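These notes concern the structure reproduced below.
Keep in mind that what you see is a predicted model, and the values were worked out from it rather than measured.
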Amino acid sequence: VRENVGGGGGGCDSSDKTLVIVEMGSESLCKLASETGMLAPGMASSFVEEVTFEEDWLVDCQHDESTEALNCLASIVDWDFDLLRFAELSAHPLRTVGVVLFRQLDFEGRLELPIARFGNWLGVIERLYRPHNPYHNAVHAADVAHACVWLAERPSVRPRLSVLDLFALFVAAIVHDIGHPARTNAFLIKAGDPLALLYNDRSVLENYHVATFFQLLRRGRDPAGADSGVDGHGVAQADLAAADIFAHFDVEEQAFLRKRIVDVVLATDVSGHFTYLEKFRNHVQLGEFGNGGGGGGGGGSQRPGGVLPPELVTLLSQVIIKAGDTSNPAKAAPLAVEWTARIMREFFDQGDEEKERGMPVSVFMDRDTTSVPKCQMGFVSFLVQPIWDVFSRFSGRQVEVPNRNLASNLAVWKALQNHEAIGVEDFLANPLRALEIAALLPVPANSLRAPAAGAGAAAGGPGTAGAALPSPEPGHGGAVSARMRATKLFASGRRKSAS
């Protein structure tokens with residue numbers, strides 16, 4: 001395989017699936033290829049490791065766009081990794097991104113968890129996300145997992161999480177919206193949905209998501225199908241058995257992972273948003289997270305002695321997934337506006353159904369009356385900005401990139417709102433048009449917030465000239481090429497600070 005990749009001959013079965021770890025200076029970037037012939041000549045000299053599998057789950061990119069998919073994955077270590085573009089190139093974005101992050105975190109070596117088994121599990125989970133949901137689908141799950149890993153890898157966080165803590169967070173991010181029906185908890189409760197009745201109107205979807213995950217694990221351990229009380233959610237028992245990612249953990253470790261994953265997924269319920277943030281803020285202000293070292297909670301040989309009690313590690317994990325779950329406004333503007341269009345489409349679909357049922361239409365879900373900029377200004381100011389404020393106090397300039405993006409994107413929405421510059425249907429049809437319009441508008445007074453205490457105000461950071469309105473190139477030539485052009489304009493100066 002090495003000879004074939006390097007262009008020096010040596011046969012290679014084109015059906016082989018190869019995972020390639022490429023060394024780029026001081027960073028290890030993960031790239032995947034569905035066949036070794038996709039790799040450029042000369043890349044063999046950069047090989048650190050290669051692993052070939054017979055399984056068919058590793059990569060399934062569209063055949064004529066595989067090289068571009070590899071190029072996309074090369075930036076997976078960046079906060080502004082263009083997952084939307086990668087999802088257009090890959091038939092299984094959650095599975096592929098999940099495998100890359102799994103290798104990046106070295107769970108196979110640190111936990112002795114076979115990557116093939118984890119890949120099988122990712123395939124099962126991805127199938128249970130609803131692909132027709134505009135927002136809450138497998139791409140969103142991959143995006144949240146990527147954001148959580150990026151945050152967990154910050155120097156302020158990494159020493160505080162043991163390998164089991166990190167694995168629990170990673171799994172929770174992947175399953176946190178499994179089976180999402182593209183409707184809110186409030187809708188399910190008002191409609192008297194069976195899920196709302198089952199979970200007594202409390203964290204309905206969050207309970208459903210995490211219960212689904214553990215039902216799959218339980219059903220996979222029931223080869224005779226005798227446990228009729230456990231739902232396999234339409235997945236064959238043999239597939240579930242091959243995807244049991246808890247199989248090699250001991251009883252104590254499994255109990256720890258279950259409790260932690262449940263606690264972390266339930267924290268994604270927005271109704272408890274400020275309770276978690278206030279607790280985290282208080283602990284940070286009191287210095288209870290210390291200055292480094294170790295992890296907390298759980299047990300087993302993988303867990304070193306740590307400085308944090310289990311409840312603080314749980315709280316840190318909960319805040320990380322909350323930041324990851326609402327991270328879209330903190331991404332580069334071309335990504336932020338496209339994610340916004342996706343969630344607004346889902347909101348408006350719910351609003352349409354509420355009208356059909358004669359139910360009161362939820363706030364910001366009426367396509368006839370909603371202002372997208374106003375909705376986003378409220379979402380960012382009320383829910384998202386407080387997360388990054390408190391995380392900045394914890395991590396300082398290590399989260400400068402998302403803070404800078406957040407300030408810049410908020411300025412975009414304020415400018416659009418002040419000038420009533422784009423209508424709902426125009427925005428949904430072409431989200432990037434909002435950036436082109438905003439670039440022609442004056443920046444609203446006081447629209448750019450100063451950074452939170454401890455966040456710093458480096459060049460281009462919040463509160464500086466570098467946070468002014470973005471100015472993507474005019475013209476489109478297709479949504480993909482337009483986003484790629486705009487992304488280049490936003491990427492300058494971010495690659496170094498992102499890593």
query = Backbone N or O of A330 within a donor-acceptor pair of the W79 side chain at under 3.5 Å?
reply = yes
query = Going through the checks in order, is the salt bridge (charged side-chain N to carboxylate O under 4.0 Å, His left out) test met by D222 and R219?
reply = CA-CA 5 Å; D222 180 29; R219 186 67 181 84; 3.8 Å; yes
Quiz item: cation-pi between R154 and W150, 6.0 Å / 45° = yes
inquiry  = Looking at every heavy atom in both L161 and S317, which two are closest together, and how far apart are they?
reply    = CD2-OG, 4.2 Å
task = Establish, yes or no, whether a centroid distance under 6.0 Å links the rings of F249 and F167.
result = yes
ask   = Does the ring centre of F394 sit less than 6.0 Å away from the ring centre of F280?
value = yes
task = Decide yes or no on ring pair (Phe, Tyr, Trp, His ring centres under 6.0 Å) for H180 and Y129, but give the supporting numbers first.
result = CA-CA 7 Å; H180 199 291; Y129 275 94; 8.9 Å; no
request  = May I ask you to test the W339-S327 pair for a side-chain heavy-atom distance under 4.5 Å?
outcome  = no
ask   = Can any side-chain N or O of K279 pair as donor or acceptor with the backbone N or O of L315 at less than 3.5 Å?
value = no
query = Any idea how W121 and F213 line up, ring-wise: parallel (<30°), tilted (30 to 60°), or perpendicular (>60°)?
reply = perpendicular
inquiry  = F187: which residues meet the ring pair (Phe, Tyr, Trp, His ring centres under 6.0 Å) condition with it, sequence neighbours left out?
reply    = none
task = Please examine the side chains of F107 and I115, heavy atoms only from C-beta on, and report whether any two atoms are closer than 4.5 Å.
result = no
request  = Please name the pair of heavy atoms, one in E253 and one in L164, separated by the smallest distance, quoted to 0.1 Å.
outcome  = CG-CD1, 4.1 Å
task = Show the numbers, then the answer: is there a ring pair (Phe, Tyr, Trp, His ring centres under 6.0 Å) between F170 and F118?
result = CA-CA 12 Å; F170 186 46; F118 194 77; 5.8 Å; yes
key: N/O donor-acceptor pair under 3.5 Å between H419 side chain and I437 backbone   = no
key: Gap between atom CG of D263 and atom CD of E311 - 0.5 Å precision   = 11.5 Å
query = Are N185 and S203 linked by a side-chain donor-acceptor pair shorter than 3.5 Å?
reply = no
key: Any donor-acceptor pair under 3.5 Å from R345 side chain to L428 backbone   = yes
task = Kindly compute the distance separating CD (Q215) from OH (Y208), expressed to the nearest 0.5 Å.
result = 8.0 Å
request  = Keeping the roles fixed (side chain from R103, backbone from V99), state whether a donor-acceptor pair exists under 3.5 Å.
outcome  = no
query = Taking C-beta and beyond as the side chain, do F391 and L151 meet within less than 4.5 Å on heavy atoms?
reply = yes
key: D244 side chain to F246 backbone, donor-acceptor under 3.5 Å   = yes
query = Do other residues, nucleotides or ligands put more than 12 heavy atoms under 6.0 Å from F274 CZ?
reply = yes
ask   = Quick check: does any side chain N or O of N207 sit under 3.5 Å from a backbone N or O of R202, one acting as donor and the other as acceptor?
value = yes
ask   = Under the 6.0 Å and 45° cation-pi test, does R258 pair with F214?
value = yes
query = What is the minimum heavy-atom distance between P329 and V380, and which atoms define it?
reply = CB-CG2, 3.7 Å
query = Do D165 and S162 get their side chains close enough for a donor-acceptor pair, meaning under 3.5 Å?
reply = yes
ask   = Is the closest side-chain donor-acceptor distance between N120 and D239 under 3.5 Å?
value = no
query = Are any side-chain N or O atoms of E354 and backbone N or O atoms of S362, one a donor and one an acceptor, separated by less than 3.5 Å?
reply = yes
message = When you measure from the side chain of D82 to the backbone of R85, do you find a donor-acceptor pair of N or O atoms at a distance under 3.5 Å?
response = yes
inquiry  = Just so I know, are the side chains of K322 and V270 near enough to count as touching, which here means a heavy-atom distance under 4.5 Å?
reply    = no
Anything under 3.5 Å between a donor and an acceptor, one on a side chain of residues 136-144, the other on a protein residue two or more places apart or in another chain? List them.
{"residue": "H136", "atom": "ND1", "partner": "E346", "partner atom": "OE2", "Å": "2.4"}
{"residue": "N137", "atom": "OD1", "partner": "V139", "partner atom": "N", "Å": "3.1"}
{"residue": "N137", "atom": "OD1", "partner": "H140", "partner atom": "N", "Å": "3.2"}
{"residue": "N137", "atom": "ND2", "partner": "N133", "partner atom": "O", "Å": "2.8"}
{"residue": "H140", "atom": "ND1", "partner": "Y135", "partner atom": "OH", "Å": "3.4"}
{"residue": "H140", "atom": "NE2", "partner": "H176", "partner atom": "NE2", "Å": "3.2"}
{"residue": "H140", "atom": "NE2", "partner": "D177", "partner atom": "OD2", "Å": "3.1"}
{"residue": "H140", "atom": "NE2", "partner": "D325", "partner atom": "OD1", "Å": "3.1"}
{"residue": "D143", "atom": "OD1", "partner": "K331", "partner atom": "NZ", "Å": "3.0"}
{"residue": "D143", "atom": "OD2", "partner": "N328", "partner atom": "ND2", "Å": "3.0"}

task = Measure the shortest side-chain to side-chain distance between D349 and M365 over non-hydrogen atoms and say whether it is less than 4.5 angstrom.
result = no
query = Under 4.5 Å between any side-chain heavy atoms of I125 and L216, yes or no?
reply = yes
task = Take E278 and R281 through the salt bridge (charged side-chain N to carboxylate O under 4.0 Å, His left out) test and state the conclusion after the steps.
result = CA-CA 5 Å; E278 189 61 28; R281 181 183 294 109; 2.7 Å; yes
inquiry  = Tell me whether K259 at atom NZ has more than 12 heavy atoms from other residues, nucleotides or ligands lying less than 6.0 Å away.
reply    = no
key: Donor-acceptor contact present, side-chain S371 to main-chain K374, <3.5 Å   = yes
